[in-house]
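All values derive from a computational prediction rather than experimental measurement.
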Amino acid sequence: LEAIKWDIIKKLGKGTKLEQSITTLSYYLTESYQYQKMITSIRDEISRTKYYTDMMTYCFYERLSIDWKISPDVEDCSIISMTLQPFIENSITHAFRRKDPNPRITVQMNSVEDEIQILIYDNGHGISKERLNSIKKSLKSEEYSNQHIGIKNSHLKLKLLFGDEYGVTNIESDENGTRVKIVIPKHETPYLS
């Protein structure tokens, strides 16, 4: 990737959108290699997810904005790697149309007693009732399905590691967007060792 990046700089100049995309992809892949461990800190999960959202912004939705509203007391807590990215990817892939003037995704994390509540919501066009019911049914089922794979895998990993009361606890959608609530237990950094 570095060789491609330098070739781009030689041919197109420094600071182009293409060069920025290659740089971001390089960082993302480097982070992915380091994320072979199953558990990470919320701070590191957000950092890695931001590389993904940067790539998507460069490639597809230049107007897309991501608001990160993270309570400082959760940043050093533990989370399963690759928890956030599938939900954000779904918003990017399904919620917006190319000509939407202000596509926005918000990721909010707060500590509530001994849990962390994660809210991911967008201002997209919403999910049809049929698709929403299909997603909810898939999350309740233990059986393999080739639909909603990213969401279901994230949900099942959280339930498997932390218990049945954790994972995706609610999904709502209407013409104003989609809202997903995820709950995980609050574990400080020593849990990572």
Side-chain angles (χ1 to χ4, degrees), residues 31-53 66-95 105-124 126-174 176-193:
E31 289 286 316
S32 295
Y33 178 74
Q34 294 172 3
Y35 271 71
Q36 291 179 2
K37 57 188 176 186
M38 186 173 188
I39 306 292
T40 190
S41 71
I42 286 175
R43 174 181 288 109
D44 289 344
E45 174 73 356
I46 290 169
S47 173
R48 183 180 180 284
T49 305
K50 283 181 178 179
Y51 288 130
Y52 170 78
T53 59
I66 312 278
D67 294 331
W68 297 92
K69 298 179 178 181
I70 311 302
S71 178
D73 66 328
V74 304
E75 290 180 342
D76 291 323
C77 294
S78 303
I79 192 169
I80 295 176
S81 296
M82 293 290 290
T83 294
L84 299 177
Q85 187 262 331
F87 296 95
I88 292 172
E89 180 178 351
N90 268 12
S91 286
I92 291 170
T93 305
H94 301 295
I105 298 171
T106 302
V107 180
Q108 183 176 333
M109 290 190 196
N110 294 303
S111 172
V112 178
E113 296 178 8
D114 60 347
E115 296 179 336
I116 297 171
Q117 293 185 356
I118 304 167
L119 301 172
I120 302 170
Y121 50 97
D122 61 58
N123 66 344
I127 302 171
S128 71
K129 286 185 181 182
E130 295 80 21
R131 185 167 171 77
L132 184 60
N133 288 336
S134 173
I135 293 169
K136 288 179 177 183
K137 183 179 176 184
S138 175
L139 292 177
K140 289 180 183 175
S141 171
E142 299 287 326
E143 293 179 25
Y144 171 78
S145 169
N146 62 355
Q147 296 183 342
H148 323 298
I149 294 171
I151 291 174
K152 184 164 183 168
N153 283 347
S154 292
H155 175 67
L156 289 177
K157 284 190 297 187
L158 294 168
K159 280 180 56 174
L160 194 71
L161 189 63
F162 298 132
D164 285 341
E165 66 272 30
Y166 298 107
V168 178
T169 61
N170 194 29
I171 300 177
E172 298 174 347
S173 189
D174 57 31
N176 298 313
T178 302
R179 295 157 296 287
V180 177
K181 181 178 180 183
I182 302 164
V183 177
I184 61 174
K186 186 175 181 182
H187 292 290
E188 298 294 333
T189 304
Y191 185 77
L192 296 172
S193 54

Roughly how far, to the nearest 0.5 Å, is CD1 of I120 from CG of N90?
10.0 Å
Separation between CD1 of I39 and CD of E45, rounded to the nearest 0.5 Å:
10.0 Å
What heavy-atom pair brings L158 and Y166 nearest, and what distance separates the two atoms?
O-CB, 4.4 Å
Taking side chain to side chain contact (heavy atoms under 4.5 Å, CB included) as the criterion, tell me which of D67, T178, I88 meets it with I105.
I88
Value rounded to 0.5 Å, distance of OG in S173 from CG in L132
6.0 Å
Got K69 and T106 here, is their nearest side-chain heavy-atom distance under 4.5 Å?
yes
Could you check whether any side-chain N or O of T53 sits under 3.5 Å from a backbone N or O of K50, counting only pairs where one atom can act as donor and the other as acceptor?
yes
Should we say atom NZ of K137 is surrounded by more than 12 heavy atoms from elsewhere, each under 6.0 Å from it?
no
Could you tell me whether the side chain of H187 and the main chain of S78 form a donor-acceptor pair under 3.5 Å?
no
Is there a side-chain contact between R48 and M82 (heavy atoms, below 4.5 Å)?
yes
Decide yes or no for T49 and E89: does some side-chain heavy atom of the first lie under 4.5 Å from some side-chain heavy atom of the second?
no
If we only count heavy atoms from C-beta on, is the F162 to I80 side-chain gap below 4.5 Å?
yes
Would a 4.5 Å heavy-atom cut-off, applied to side chains only, mark N110 and V74 as touching?
no
Once you round to the nearest 0.5 Å, how far does CD1 of I127 lie from CD of E172?
11.0 Å
From K152 atom NZ to L139 atom CG, the distance as rounded to the nearest 0.5 Å
7.5 Å
Check whether any side-chain heavy atom of I116 sits under 4.5 Å from a side-chain heavy atom of C77, and report yes or no.
yes
How would you list, by chain and number, every residue that makes a salt bridge (Lys or Arg N to Asp or Glu O under 4.0 Å) with E75, sequence neighbours excluded?
R43
What's the spacing between N153 CG and K157 NZ if we round to 0.5 Å?
7.0 Å
Quick one, T83 and I184 - any side-chain contact, counting heavy atoms below 4.5 Å?
no
Is there a side-chain contact (heavy atoms from CB on, under 4.5 Å) between I182 and F87 once you walk through the steps?
CA-CA 10 Å; I182 302 164; F87 296 95; 3.6 Å; yes
